[in-house]
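Notes for the one structure printed next.
FYI, side chains are in, hydrogens and waters are out, and symmetry mates aren't considered; it's all heavy atoms of this structure. Note that this is a predicted model, so its numbers are computed, not measured.
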Amino acid sequence: MTYDIVIVGGGIVGLATAHRLLEARPGVKLRVLERESEVGTGQSSHNSGVLHAGLYYPPGSRKAVWCRQGKEAYERFAAEHGVPVERTGKLVVAVEPREIPRLRGLVDRARTNGVEIYELDAAGLKEHEPNVAGIAGAWTPETAVTDFGAACHALARAITDAGGEVSTGVEVLTVTEGQHRAQITTTDGDIEASVVIACAGLSADRVAAAAGTPTRERIMPFRGSWLVLKPEKGDLVKGNIYPVPLPGLPFLGVHLTRRIDGEIWIGPNAVLAGARHGAGMWSMDRRDIVDVARFSGTWRLALRHTRTAVGELTRDRIMAANLREVRKYVPGITSADVRRGPWGVRAQLVDRNGDLVDDFVLRGEGRVLHVLNAPSPAATASLAIGAELRDQALARLA
């Protein structure tokens, strides 16, 4: 079977890319290949469901630009396709004086990115979240919550309605670039495509290597888990409560989110996972462990962030330690008010120096394009990322 474009990965970025392509080029012969039994079962649905406004990201970066563009496009798509979105706002809270300069820097960055944001004193915090504790903060009304899993299914329906194909339970084994087409070997047989777009998430570096584009960086699987506030304590949190983020790390810290279904999730933390695609929290995959252990960037990362890693691991294993962190922001939450909740594994590209690659990374050689790094806010930015991949793919088809 021969296609114009094959997309590897049925998460939200791959599906958004397919949707953008079919919008721009109706009739293009396109197929999405997803290894799991349904679309959007990985990172796309294992998250807090926050639709980010774009306040964290360096001005001019792909994250900053595509988050703003993607959020607007996502909200339009959601309204047209019945995907729930609710603007609940976000409160970033400083609890110590040393956080104030970082908070002010965050506000300046947000305004440069075009985000509506307001600085608050301690009394101002209480107006938005009566149960929060803090000495200062920032409020943006633009942050929303949504159901990214539902968005994936809506995108899949839009793709098939436009004449595209979405195949689940199909794993890509190799991609070989030929003179006129790429040859793709899958668990469902061999196919050909004029252009391949790999949006493989946790397998991004391996798919790149299989396509003859090995990378110097590696995907590190970080597991995050959440606590869930019991329903009878739901009035303790109205919207989204976030800490002032630590410098040098792409993770936003433990936060409290009132999700689109009304549940309040607390987390996630970030600890190195034993498997990229494990069925359980403590799954171990020999290949994944060996890859991590052999990569020089792993050890440089560990040495640079030892204290942070120990703190994350402690909070992961000991609920009381997690609650101590949470109670800095909402003191009224006790151990009796929470239960252990869901977990998920997210992909993070790490270079050989042990640096966590912060921005989105797209690379393309010949007929094959790769999304190598798509951490948060990739779900928010998915339709903007998809538009960029669309343009690159169509230029190769011309």
Side-chain angles (χ1 to χ4, degrees), residues 1-22 25 28-37 39-44 155-156 159 164-221 276-277 285 287-288 291 295 347 349 357 360-374 378 382 385-386 388-398:
M1 186 71 72
T2 301
Y3 294 87
D4 296 318
I5 299 172
V6 166
I7 295 174
V8 182
I12 195 166
V13 173
L15 294 166
T17 301
H19 176 62
R20 288 299 211 185
L21 279 160
L22 288 161
R25 185 75 65 87
V28 69
K29 194 171 183 182
L30 178 149
R31 186 179 181 188
V32 178
L33 304 176
E34 167 55 40
R35 58 175 283 163
E36 301 298 336
S37 60
V39 298
T41 60
Q43 298 177 90
S44 300
L155 284 163
I159 292 163
E165 298 178 35
V166 178
S167 301
T168 57
V170 179
E171 184 175 359
V172 171
L173 304 175
T174 62
V175 179
T176 306
E177 187 170 348
Q179 184 176 359
H180 302 292
R181 294 185 182 88
Q183 313 294 320
I184 306 152
T185 303
T186 81
T187 53
D188 191 43
D190 296 344
I191 57 177
E192 296 182 341
S194 297
V195 177
V196 177
I197 307 173
C199 306
L202 284 156
S203 300
D205 54 345
R206 291 175 180 169
V207 171
T213 311
T215 67
R216 292 176 59 84
E217 307 93 344
R218 291 289 182 275
I219 290 292
M220 289 283 187
R276 298 190 187 196
H277 302 284
D285 184 285
R287 181 187 179 189
D288 295 342
D291 278 357
F295 182 53
L349 198 67
V357 179
F360 300 137
V361 176
L362 314 183
R363 289 184 190 152
E365 295 184 12
R367 298 184 176 278
V368 186
L369 299 169
H370 297 279
V371 180
L372 286 176
N373 197 48
S382 55
I385 299 171
E388 174 65 24
L389 290 166
R390 171 201 65 200
D391 293 346
Q392 292 191 30
L394 291 180
R396 285 163 166 78
L397 277 183

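No side-chain donor-acceptor contact under 3.5 Å links Asp4 to the backbone of Leu30. A distance-only check finds a donor-acceptor pair linking the side chain of Ser44 to the backbone of Ile12 [under 3.5 Å]. For the pair Glu171 (side chain) and Thr186 (backbone), a donor-acceptor distance under 3.5 Å is absent. Looking only at distances, a side-chain donor or acceptor of Arg218 sits under 3.5 Å from a matching main-chain atom of Thr215.
The nearest pair of heavy atoms linking Glu165 to Ile159 is N-CG2, 4.4 Å. Of all the heavy atoms in Leu15 and Gly10, the pair that sits closest is CD1-O, 3.4 Å. Shown here for Val371 and Cys199, the closest heavy-atom pair between the two residues is CG2-SG, 3.9 Å. The minimum heavy-atom distance linking Ala156 with Val166 is given by the pair O-CG2, 4.2 Å. Among all heavy-atom pairs drawn from Ser382 and Ala16, the shortest one is O-CB, 3.5 Å. The two residues Ala393 and Leu369 have their closest heavy-atom pair at N-CD1, 3.9 Å.
Contact check for Gln43 versus Leu202: side-chain heavy atoms found under the 4.5 Å cut-off. Residues Ile219 and Arg276 meet the side-chain proximity criterion, which asks for heavy atoms closer than 4.5 Å. Contact annotation: the side chain of Thr185 never approaches that of Gln183 to less than 4.5 Å [non-hydrogen atoms, C-beta and beyond]. With contacts defined as side-chain heavy-atom distances shorter than 4.5 Å, the pair Ile184/Asp190 does not qualify. Val39 places a side-chain heavy atom less than 4.5 Å from the side chain of Thr168. The side-chain heavy atoms of Glu34 and Val8, taken from C-beta on, include no pair separated by under 4.5 Å.
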Stepwise salt bridge (Lys or Arg N to Asp or Glu O under 4.0 Å) test for Asp188 and Arg31: CA-CA 13 Å; Asp188 191 43; Arg31 186 179 181 188; 3.5 Å; yes
CA sep, side-chain torsions, deciding dist, call: Arg367, Glu192, salt bridge (Lys or Arg N to Asp or Glu O under 4.0 Å): CA-CA 11 Å; Arg367 298 184 176 278; Glu192 296 182 341; over 6 Å; no
Derivation and outcome, side chain to side chain contact (heavy atoms under 4.5 Å, CB included), residues Leu394 and Arg390: CA-CA 6 Å; Leu394 291 180; Arg390 171 201 65 200; 3.9 Å; yes
Side chain to side chain contact (heavy atoms under 4.5 Å, CB included) assessment of Arg25 paired with Arg20: CA-CA 9 Å; Arg25 185 75 65 87; Arg20 288 299 211 185; over 6 Å; no
Stepwise side chain to side chain contact (heavy atoms under 4.5 Å, CB included) check, Glu388 with Phe360: CA-CA 12 Å; Glu388 174 65 24; Phe360 300 137; over 6 Å; no
Side chain to side chain contact (heavy atoms under 4.5 Å, CB included) between Val28 and Leu22, worked out: CA-CA 7 Å; Val28 69; Leu22 288 161; 3.6 Å; yes
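One distance of note links CZ of Arg396 with CD1 of Ile5; it measures 10.5 Å at 0.5 Å rounding. Rounding to the nearest 0.5 Å places CZ of Arg216 at 9.0 Å from CZ of Phe295. Atom-to-atom distance recorded for Thr213:OG1 and Asp205:CG is 12.0 Å, nearest 0.5 angstrom. Rounding to the nearest 0.5 angstrom, the gap separating the CE atom in Met220 from the CG atom in Asp288 is 11.0 Å. The CG atom of Leu349 lies 5.0 Å from the CD atom of Glu217; values are rounded to the nearest 0.5 Å. For the atom pair His277 NE2 and Ser203 OG, the distance stands at 3.0 Å (nearest 0.5 Å).
His180 and Ser194 share no donor-acceptor pair across their side chains, judged by distance under 3.5 Å alone.
With Leu21 as reference, Ile7 is the one residue of Ile7, Asp391, Leu389 to meet the side chain to side chain contact (heavy atoms under 4.5 Å, CB included) rule.
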